[in-house]
Amino acid sequence: MSKEITITLPDGTQKQAQAGITGIEIAELIGSGLAKAAIAFEANGEQRDLSDSVSEDSNISIFTIDSDEGLEIMRHTIAAQVLARAIKNLYPKAKLAIGPIIEDGFYYDFLSDEPVSIDDLPAIEQEMKKIVGTKAEINKTTHSKKDAVKSFNDLDEPYKVQIIEDSEQLSGFQIYSQGETGFIDLCRGPHLPSLDKAGSFKLTKISGAYWKGDSSNEMLTRIYGTAWKNEKDLKKYLTHLEEAEKRDHRKLARVMDLFHLQEEAPGMVFWHPKGWSMYVALQNYIRRKQTENGYDEINTPLVVDRKLWEASGHWDKYREKMFITEIDEEHANEKRVNALKPMNCPCHVQVYNQGLKSYRDLPIRLAEFGSCHRYEASGTMHGLMRVRGFTQDDGHIFCTEDQIESETAGFISLLSDIYTELGFTTFDIKLCTRPETRVGSDEVWDKAELALESAIKKLKIPYTIETGEGAFYGPKLDFVLTDAIGREWQCGTFQSDFNLPDRLGAEYVGEDGEKHKPVIMHRAILGSFERFIGILIENYSGKMPLWLAPTQLVLMTVTEEVIDYAAELETVFNEINIRVELDSRNEKIGYKIREHSNAKVPLMAVIGKEEKSNESISIRSLSKNDTNTYSIDEAKDFLLKNSDFPS
RNA sequence: GCUCAUAUAGCUCAGUGGUAGAGCACUUGCUUGGUAAGUAAGAGGUCACCGGUUCAAGUCCGGUUAUGAGCUCCA
């Protein structure tokens, strides 16, 4: 005789049931509609298959496809049961690895002896649809480690065997199968009870991925897909992807004539006049913010003798990413080996080291728009987002240990201001704590971590802790901002360093008259101008705020006889430093509007007979699609008021 | 760096071994037109680079470089 158990549902209602009741029976207990829609359940926080039983008092949630959990379980089944089986059907020699869910979808990794390309995806997708069409039931059996290893050894699935062998558990390995098909897969589960509950899916891309994410392991084939509860949601997602593609900064850069890259200088940007004007506007804005916040701007050499890099540790730790230069032997009197700087910190310490510093001088905040070069692996380059030559809004704060906390607070407040003013309302902070391999004493680490953490706490900004992700010389805060379409970008960073001052001999004279080592806080807000401009372009879809727009106002003539008036206006706006362009071409006004709209010029003025005779100007805005008529003085006021830096 | 793919006119792309194409952009002519494409004509290419196969290569094969999607890394 089995005992009675109490089942508590999410809304608090309780039901009595016999111990051993299964998930699907619980769903039926609640309602037959729910039982039909149910795909899995959760018992005391643990996700289970509907066929699993419950033998003690439990908090139970039944999942349907309408919940996030249900959607994820469905995606998981599409990956591990449907895609995996389709791969085995089409490529019987393939060795299955893993098939987890990711944001909006899933992937499956497998080893294939024949290359699989994107052209093969439609056939695989077809096979998946066939498999789903069988509406096969998914069954589960549980095995001991030994049995599970044997099952997958028999099937010659070495990755599955390795997963089981690497596992610490000795039993409870779940193997899922589909009816009598002979297909089995190792899985933590849960899965849909049968394939007729699968939603709409699409395979999206294919690539290579290292086994266990380790670049020293062999590369597997990875197929990505997305899955949604119905066709409508799938379409919506695919449309969203297309929208994201339209704001690709590489595409917009061509339309807006901002910059280009070319084969002779991979990963290095050729800025065009319009792109450079954005860059300069952003740099001037940052320069002003930094000056207001107690930074002194400096500039240091790009090409520096290897001796300095040896002293700083870069020659040892960072050399494979450094561009090394040698002077042509025929013309050089002395043979020197130099490196293009990959970071600015060693040079900043050189500036600090000039002249004896007193504790009264600290903190010293040195800022540089530091041009750095790093030989990035060829496959990692991506438009402006990942380049080999870039400029950081770099800064190094030389301070005492006691000043870390207040400097942290000051930095976060500056960063927060800047992100907000640039249009990013949300950003996350990650506190990265001491890694396994590190330098410095635990006392100093305690102090550094505590200082960083208490400073954020005071600002009441939420943050997460990334244990062990800090730099080897100190803990750091990473700042991740979210753009207009929800993508995340790591930009700002704030790192404390107790190592470099020692290596490069930075000192100050303390109150006690003795020499002490300062702490260096490495910091950047934008990270790199190149990447940040890429992010801004995509965030705004190229429709830049007025102060950043390369061309702020374009004057478009309707007929030839107003060109003289338009040219007068051009002079007027030039005099107040508005970036203005005159389009007096022999084209219709609609044509001009279309062209400048595509080029994302924020303000367009139509200049016709009416404006000329009234001495007025009609300004049409790109973002609002509205038109206002101003007198010339009103227009000047309006433009001056709206084209300044944000604040 | 690794996997797969791509490289044809300024841009977007078509071109399955036999005399290089389209649309847009550009130049010129006509048109002077009021809020997202007026019209006609013209010019424009060593088909990324190096090699191979073939009577013949933009097309097939190999290599190099760059680019794209990812992986690993990262500002």
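Letters go in sequence order (proteins before strands), and every chain restarts at 1. The shown structure was predicted, so the numbers you read here are calculated from the model rather than taken from an experiment.
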Please tabulate, one pair per line, each protein N/O and nucleotide N/O from nucleotides 59-66 of chain B that are separated by under 3.5 Å, including the distance.
residue : atom : partner  : partner atom : Å
B:U65   : O2'  : A:Glu263 : OE2          : 2.8

Would you measure the distance from the P atom in B:G58 across to the matching atom in B:U64 and give it in whole Å? 22 Å

Of the listed nucleotides B:G34, B:C73, B:A75, the one nearest the side chain of A:Glu610: B:G34

What is the pairing partner of B:U54, taking Watson-Crick or G-U wobble pairs with both distances under 3.5 Å in any strand? none

Nucleotide B:C2, atom C1' - distance to CE of A:Met219 in whole Å: 4 Å

Is there a donor on the side chain of A:Arg254 or the base of B:C11 sitting less than 3.5 Å from an acceptor on the other? no

Give A:Gly389 one of three labels, base, sugar-phosphate or nothing, depending on what nucleic acid heavy atoms sit under 4.0 Å from its own. nothing

In whole angstroms, the gap separating P of B:U67 from NE2 of A:His260 amounts to 12 Å

OP1, OP2 of B:C74 versus side-chain N and O of A:His382: anything below 4.0 Å? no

Short side-chain to backbone donor-acceptor contact, A:Arg531 and A:Gln490, under 3.5 Å: yes

Between the protein and nucleotides 42-45 of chain B, which nitrogen or oxygen pairs are less than 3.5 angstrom apart?
none

Nearest-Å distance for atom pair CG/P, residues A:Asp104 and B:G70: 13 Å

In the structure shown, which nucleotide is the Watson-Crick or G-U wobble counterpart of B:C26, with both distances under 3.5 Å? B:G42

Is it the case that over 12 heavy atoms from other parts of the model lie below 6.0 angstrom from the CD atom of A:Gln262? yes

In the strands shown, is B:C47 matched to any nucleotide by a Watson-Crick or G-U wobble pair with both distances under 3.5 Å, and which? none

Check this one for me: any side-chain N or O of A:Tyr224 less than 4.0 Å away from OP1 or OP2 of B:C71? yes

Applying a 4.0 Å non-hydrogen cut-off, can you work out what A:Val387 is touching in the nucleic acid: base, sugar-phosphate, or nothing? base

Contact class for A:Thr559 vs. all strands (heavy atom < 4.0 Å): base, sugar-phosphate, or nothing? base

Taking NZ, NE, NH1 and NH2 as the nitrogens, is one of them in A:Glu218 or A:Lys95 under 4.0 Å from a carboxylate oxygen of the other? no

Ignoring hydrogens, what is the shortest heavy-atom contact between A:His314 and A:Pro342? Give both atom names and the distance. CD2-CG, 4.3 Å

Keeping the roles fixed (side chain from A:Asp109, backbone from A:Ala97), state whether a donor-acceptor pair exists under 3.5 Å. no

A:Lys430 and A:Glu469 ion-paired at < 4.0 Å: no

Does the pair A:Lys212/A:Asp166 count as a salt bridge with the N-to-O cut at 4.0 Å? yes

Report yes or no: is there a donor-acceptor pair, N or O only, under 3.5 Å between the side chain of A:Arg222 and the base of B:C4? no

Among B:G33, B:A75, B:C71, find the nucleotide with the atom closest to the side chain of A:Lys609. B:G33

Length of the CD-P vector between A:Glu114 and B:C4, whole Å: 12 Å

Please tabulate the protein-to-nucleotide N/O contacts below 3.5 Å involving nucleotides 35-41 of chain B, giving atom names and distances.
residue : atom : partner  : partner atom : Å
B:U35   : O2   : A:Arg620 : NE           : 2.7
B:A36   : OP2  : A:Arg620 : NH2          : 3.2
B:A36   : O4'  : A:Gly590 : O            : 3.4
B:A36   : O4'  : A:Arg594 : N            : 3.4
B:A37   : N9   : A:Arg594 : NE           : 3.4
B:A37   : N7   : A:Arg594 : NE           : 3.2
B:A37   : N7   : A:Arg594 : NH1          : 3.4
B:A37   : N7   : A:Arg594 : NH2          : 3.2
B:A37   : N6   : A:Arg594 : NH2          : 2.4
B:A37   : N1   : A:Arg594 : NH2          : 3.4

A:Leu111 CG - B:C2 C1' separation (whole Å): 14 Å

What does A:Gly492 touch in the nucleic acid at a heavy-atom separation under 4.0 angstrom: a base, only the sugar-phosphate, or nothing? nothing

Indicate yes or no: does A:Lys246 engage A:Glu243 in a salt bridge with an N to O separation below 4.0 Å. yes

How about A:Phe479 and A:Phe424: are their ring centroids closer than 6.0 Å? no

Shortest non-hydrogen contact between A:Asn539 and A:Arg247, atoms and distance: O-NH1, 3.0 Å

When all nucleic acid strands are considered with a 4.0 Å heavy-atom cut-off, which category describes A:Arg523: base, sugar-phosphate, or nothing? nothing

Under 4.0 Å, heavy atoms only, any strand: does A:Gly527 hit a base, just the sugar-phosphate, or nothing? sugar-phosphate

In whole Å, what is the span from the CD atom of A:Glu218 to the P atom of B:C4? 14 Å

So what does A:Thr380 touch, heavy atoms closer than 4.0 Å: a base, only the sugar-phosphate, or nothing? base

To the nearest angstrom, how far is A:Lys251 atom NZ from B:A69 atom C1'? 12 Å

If you assign each of A:Tyr375 and A:Asp214 to its closest nucleotide in RNA chain B, which residue comes earlier from the 5' end? A:Tyr375

Paired nucleotide for B:U65 [Watson-Crick or G-U wobble; both distances under 3.5 Å]: B:A7

Spacing of the P atoms in B:A56 and B:G18 (rounded, Å): 14 Å

So what does A:Ala377 hit on the nucleic acid, given a heavy-atom distance under 4.0 Å: a base, only sugar-phosphate, or nothing? base

Rounded distance in Å - NZ (A:Lys430) to P (B:C74): 13 Å

If you measure from CG on A:Leu639 to CG on A:Leu603, what distance do you get to the nearest 0.5 Å? 6.5 Å

Between A:Gly379 and A:Gln495, who's closer to the 5' end of RNA chain B by nearest nucleotide? A:Gly379

Rounded to whole angstrom, note down the P distance from B:U16 over to B:A75. 46 Å

In whole Å, what separates the P atom of B:U65 from that of B:C49? 16 Å

Under a 4.0 Å threshold between the charged nitrogen and the carboxylate oxygen, would A:Glu421 count as salt-bridged to A:Lys289? yes

Does A:Arg585 have a side-chain nitrogen or oxygen under 4.0 Å from the phosphate oxygens OP1 or OP2 of B:U32? no

Within 45 degrees of the axis of the six-membered ring of A:Tyr107 and under 6.0 Å from its centre: does A:Arg222 put its NZ or CZ there? yes

Taking B:A25 as the reference, what is the distance to B:A41 when you measure between their P atoms (whole Å, please)? 15 Å

Using the C1' atoms only, state how far B:U8 lies from B:A48, rounded to an integer number of Å. 10 Å

Nearest non-hydrogen partners of A:Leu121 and A:Leu203, listed with the distance: O-CD1, 3.8 Å

Which nucleotide in B:A75, B:G68, B:G1 has an atom nearest any side-chain atom of A:Arg374: B:A75

Report yes or no: do A:Lys600 and A:Ser541 form a side-chain donor-acceptor pair below 3.5 Å? no

Please give the distance between the C1' atoms of B:A7 and B:U19 as a whole number of Å. 24 Å

What's the gap between B:G23 and B:A57 when it is taken at their C1' atoms, as a whole Å value? 27 Å

Taking the basic N atoms (NZ, or NE/NH1/NH2) and the acidic carboxylate oxygens, is any pair closer than 4.0 Å for A:Arg365 and A:Glu407? yes

